[in-house]
Amino acid sequence: MRSSPFNSFYNEGPTSATFIVEVDGKILGSFREVTGLGGKVEIFEVKEGGENGFVHKLPGRFTFDDVTLKRGMTFDNGLYNWFNEASGSRFELGSKRGKATLARQNVAITLMSAKGKRLRTWILSDAIPVSWKGPELSIETDEFLVEEITLAHHGLISSNMGAPAGSSKKPRIKALKKAVTPKKKK
């Protein structure tokens, strides 16, 4: 019996807990949860005169959801620092110095197999942090401390990088990153 791409994908043993997060090619760390990978198309309804049997539904603007990354607290203050760099006060300070730019970065979220093989990558193009949330501290509970960061972005690319599931072909992250990196103006 011939194996289907669906079966070969699941033969790799992916689970929702096996993923890595990279920012501009550098691994950001281990995360416990990623939410918000999605988008939607706004629909406009047009009611045609004399036609009562249906309504025309036309596609409009495409929008992407913000993506939230959650991880356990660590000694590393990187998520907060990244958020702080994109904050209004930091941006305003830069504008007073003639450098009013936000450093947008490409964020890759990669689903891994149980054996550490990259199976599918979602790239957030030109992402910036829009919120950061620290751990909830309380004498009432003894729960794991979690911090989270929410990212807005200009687009989402979902790809297995041309390699069919189960293939031994190594994914080309650099090629994907190049596809979502804006060209510099001359």
Spatial distance of atom CG (Leu124) from atom CD (Gln105) [nearest 0.5 Å]: 11.5 Å
From Ile109 atom CD1 to Leu156 atom CG, the distance as rounded to the nearest 0.5 Å: 8.0 Å
Closest non-hydrogen atom pair between Pro59 and Val41, with its separation: CB-CG1, 3.9 Å
Test item: Glu147 and Lys70 side chains (from C-beta on) under 4.5 Å apart, heavy atoms: no
In one Ile/Leu/Val/Met/Phe/Trp/Tyr side-chain cluster, 4.5 Å: Val107, Ile20: no
Glu136, CD atom: more than 12 neighbouring heavy atoms under 6.0 Å: no
Within one Ile-Leu-Val-Met-Phe-Trp-Tyr cluster: Leu37 and Phe62, side-chain cutoff 4.5 Å: yes
Under 3.5 Å donor-acceptor, Asn106 side chain and Asp126 backbone: yes
Atom pair CD1/CD1 of Ile128 and Ile149 - distance to nearest 0.5 Å: 10.5 Å
Any donor-acceptor N/O pair, Asn81 side chain to Asn77 backbone, under 3.5 Å: yes
Non-hydrogen side-chain atoms of Trp122 and Val34 separated by less than 4.5 Å: no
Distance-only donor-acceptor check, side chains Thr110 and Thr121, under 3.5 Å: yes
Joint cluster assignment, Val21 & Ile27, ILVMFWY side-chain distance < 4.5 Å: no
4.5 Å side-chain heavy-atom contact, Leu79 and Arg71: yes
Phe44 CZ to Arg61 CZ distance, which is reported to the nearest 0.5 Å: 7.5 Å
Within one Ile-Leu-Val-Met-Phe-Trp-Tyr cluster: Leu151 and Val146, side-chain cutoff 4.5 Å: no
Where Ile123 and Ala108 come nearest, the two heavy atoms and their spacing: CG1-CB, 4.1 Å
Geometric class of the His153/Phe64 ring pair [parallel <30°, tilted 30-60°, perpendicular >60°]: tilted
Co-membership, hydrophobic cluster, residues Trp132 and Leu69, 4.5 Å side-chain: yes
Inter-residue atom distance Leu119.CG - Met112.CE, 0.5 Å rounding: 7.5 Å
Thr35 side chain near Asp65 side chain, heavy-atom distance below 4.5 Å: no
Atom pair CZ (Phe19) and CZ (Arg32), whose distance is rounded to the nearest 0.5 Å: 10.0 Å
